[in-house]
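Reading through the structure tokens given below for one structure.
Lettering of chains follows the sequences in order, A, B, ..., and the numbering in each one begins at 1.
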Number of protein chains: 4
Amino acid sequence: MSNASTLPTRKDAARNRARLLKAALELFGTQTDVTLKDVARQAGVGVGTVYRHFPTKEDLLDALTSDQVTLAVDIAREAAAESDGWQGLTRFLEESMRLQVENGCLRCVVDTGEPFSPVIAEARETIASLVQQIVAKAQQQGTLNADLDATDINLMLLALVAVLDATRATSPDRYRHQLALLLDGMRAENRQAASIA
Amino acid sequence: MSNASTLPTRKDAARNRARLLKAALELFGTQTDVTLKDVARQAGVGVGTVYRHFPTKEDLLDALTSDQVTLAVDIAREAAAESDGWQGLTRFLEESMRLQVENGCLRCVVDTGEPFSPVIAEARETIASLVQQIVAKAQQQGTLNADLDATDINLMLLALVAVLDATRATSPDRYRHQLALLLDGMRAENRQAASIA
Amino acid sequence: MSNASTLPTRKDAARNRARLLKAALELFGTQTDVTLKDVARQAGVGVGTVYRHFPTKEDLLDALTSDQVTLAVDIAREAAAESDGWQGLTRFLEESMRLQVENGCLRCVVDTGEPFSPVIAEARETIASLVQQIVAKAQQQGTLNADLDATDINLMLLALVAVLDATRATSPDRYRHQLALLLDGMRAENRQAASIA
Amino acid sequence: MSNASTLPTRKDAARNRARLLKAALELFGTQTDVTLKDVARQAGVGVGTVYRHFPTKEDLLDALTSDQVTLAVDIAREAAAESDGWQGLTRFLEESMRLQVENGCLRCVVDTGEPFSPVIAEARETIASLVQQIVAKAQQQGTLNADLDATDINLMLLALVAVLDATRATSPDRYRHQLALLLDGMRAENRQAASIA
DNA sequence: TATGAATGAGTGTTCATTCAT
DNA sequence: CATGAATGAACACTCATTCAT
């Protein structure tokens, strides 16, 4: 939870930092156009406190993203540890989506060209490499289409996140259906040469 | 009160409206954070003119959406006219995405809970109903999974749009791969009972 | 008064620009730490109007300075036209100070290393060159110390401005005494070899 | 209530006060827009400590000024002790400027109408009185213009400080030229009836 | 007592919207 | 009608000052 680059020694400071990240997660997870005053109010502190912990709005978002990406790295690691590649892939997608359902700030796992901090870039690379391992394993085991790579998996996540965001208010489980379809489409035995030109 | 000299004004007004929508499409299709001054400049008119035609920024976006949804309705209608259901479905998705590639304002075809105007709501319903027809036909013909409905298709579009938006700058064709996967996953013969819990 | 780089075509816009410059002159001429809200209030307009005319606080100050420096150029030109060099020098100093008494924004005639716009830089060079002419003429005519140059004159102005600013509230004419002393010190016939080590 | 264990604290407090003043002098002497956090960091203490010693930013500046004015009083006293009035005057100006070159906080010796503390006011009066003695002596000895008084001398200092501040970065000795001119202008024998109207 | 975290009024600046020309 | 100047609420961010640790 606490970033390596910042070390809030005092207890109350650490608590405020956590509160701020929690508040920010709650707000940015569901809306865009969140002001820092909103975050401060939600966290029950003054604006100045936001700036003490995060010198810039960008920095707050980076910290938020870092936290989520760190959790995502753990998920990828556990998924890569599965001996069955297909199982690993399924687990990676499902657990990542569970993270998004709970926190709603996963957008950033995929590199969309937006500015990001080194920490995030590194985590992304780690995830990409782990996913690549999972993909390779599943392909060797003959359960995954040969024409997929790590980027496809990341984009799938992005797609599912979009679905979740759109349906969260009315039927937050809906994305699972899409995930099922995608998984079916990814099975090696289901590949259709003529699906698309 | 109305005389001959005021007639050409109507033409001008219509032309300005078209110009504004074109300008807005060009800008909102690729960026966010577009100001109305930007739109006015792109259209070659003053800000006041924007407000004459669209009392509110929201109204402009609604009009933009309406245009796109209208085009989407046409696509859906043509797709529904195909005798082969699977073909119709494929066509609907591919053509809709082509629209998004070109115009970039398809976000709104799916109801995401955001406020929208009656005309958009109506068009959405029309599309939903047409897609439902396509889906039913394909299912009757035994080519489409039985557990899919029109909403799934719309959400698929939403997902693909997210992929396109993220990859537009670097590899704008990437979404086609995701589409292929989804199509494979949707084929009746490929349905896996155990894909997901 | 109106800058060449900006062309306020409308009458009311031009009036507001003039009002803003007037208000800014009144405020910046006597105080530091003036906010743009202060300027807006003093001018009787909204803050937005300040930004329409001057995209940046710096720009407003630049415009203010430009105006004053332009007036200063005229003074220098007239002073350089005097056939008597000493007379020209006296005139330059007295008239420049009159400008400062009235407007209070002359600080900028001397290059103090702060950022400034090209317009100001150019005007400064023009003034420096004219003052150099005056100095040379007076030195040729044997009325001015040989060891003075245009920079000395500018620094003298700076010094006198400091005196004026400090005494404006209590005895705004006091600077004239300092000016008299400096003029006496500049007369060729009064040069003391041993005045300072 | 007071015991042996609190005694060393006094020493610490005194040392911190000195450190703070030193740090403040270093920062305010060369820049404007110095924050109290800057001062605290430069002094190696926390902000809270600044406020323990100086309840207000203004108070810190007052203390700074007091220190400098005290040094200036010493200079004035030594200068007044010279038997030769002109020598005393020269010494006063040169030494005062040396102070400004080194510390850069002399602004305050002259009453510019800004708020100031009683101790500063008193020191100013002392200086004024000493300078008045020097001036009177030199006038009696026939080396100084009859129309000068202590205020003129203080304003001269102010003027020279302005010159120094403007030229410090590029040619910090430049002010000496202005000083030479002023001294020449102040010599009784160089008085020109017609220097200024 | 020293520390530095917390505070919030205040800055410069933007932009949707209104209104005089 | 079209224009673009005027408006002011709102934003990201700063900093003198207070207060919990």
Side-chain angles (χ1 to χ4, degrees), chain A residues 8-17 33-40 43-60, chain B residues 5-6 8-10 12-13 16 33-41 44-60, chain C residues 8-17 20 33-40 43-60, chain D residues 5-6 8-10 12-13 16 33-41 44-58 60:
Chain A
T9 42
R10 259 165 68 170
K11 241 178 284 177
D12 56 346
R15 199 198 51 194
N16 272 347
R17 190 175 202 277
D33 289 349
V34 178
T35 76
L36 290 195
K37 222 177 169 182
D38 290 339
V39 176
V45 302
V47 242
T49 303
V50 182
Y51 281 91
R52 164 159 290 276
H53 290 280
F54 308 100
T56 275
K57 191 179 193 181
E58 201 55 40
D59 289 326
L60 172 58
Chain B
S5 70
T6 62
T9 319
R10 290 236 177 127
D12 281 3
N16 272 347
D33 289 349
V34 178
T35 74
L36 288 195
K37 212 181 168 187
D38 291 338
V39 175
R41 190 184 308 117
V45 302
V47 244
T49 303
V50 181
Y51 277 88
R52 171 154 305 277
H53 291 281
F54 308 99
T56 273
K57 192 179 193 180
E58 203 52 41
D59 290 326
L60 171 58
Chain C
T9 42
R10 258 165 66 171
K11 241 179 284 177
D12 55 346
R15 199 196 51 195
N16 272 346
R17 188 174 203 277
L20 281 167
D33 289 349
V34 178
T35 75
L36 290 195
K37 222 176 169 183
D38 290 339
V39 175
V45 302
V47 243
T49 303
V50 182
Y51 280 89
R52 163 159 289 274
H53 290 280
F54 308 100
T56 276
K57 191 179 193 181
E58 200 55 39
D59 288 327
L60 172 58
Chain D
S5 70
T6 61
T9 320
R10 290 236 176 127
D12 281 5
N16 272 348
D33 288 350
V34 178
T35 74
L36 288 195
K37 211 181 171 188
D38 291 337
V39 175
R41 189 184 308 118
V45 301
V47 244
T49 303
V50 182
Y51 277 88
R52 172 155 303 279
H53 291 281
F54 308 100
T56 272
K57 192 179 192 180
E58 202 53 39
L60 171 58

Give me the atom names and distance for the closest heavy-atom approach of Leu36(D) to Lys57(D). CD2-CG, 3.8 Å

How many whole angstroms separate atom CZ of Phe54(B) from atom P of dA16(E)? 15 Å

Dot-bracket encoding per residue of DNA chain E, Watson-Crick/G-U cut-off under 3.5 Å, | denoting interstrand: .||||||||||||||||||||

For the side chain of Thr56(A) and the backbone of Asp59(A), is there at least one donor-acceptor N/O pair under 3.5 Å apart? no

When every non-hydrogen atom of Ala40(B) is compared with those of Val50(B), the smallest separation belongs to CB-CG2, 3.8 Å

Looking at Arg15(A) and Asp12(A), is any side-chain nitrogen of the basic one under 4.0 Å from a carboxylate oxygen of the acidic one? no

Asp59(B) atom CG is separated from dT17(E) atom P, nearest whole Å, by 9 Å

Spell out protein contact along nucleotides 7-13 of chain F as letters: B when the base is contacted, S when just the sugar-phosphate is, - when no protein heavy atom is under 4.0 Å; keep the 5' to 3' order. BB--SSB

Give, for atom OG1 of Thr49(A) and atom CZ of Arg17(A), the distance between the pair rounded to the nearest 0.5 Å. 13.5 Å

dA6(E), OP1 or OP2 - any side-chain N/O from His53(A) closer than 4.0 Å? yes

Give a yes or no answer on whether the side chain of Asn16(C) reaches the backbone of Ala13(C) with a donor-acceptor pair at less than 3.5 Å. no

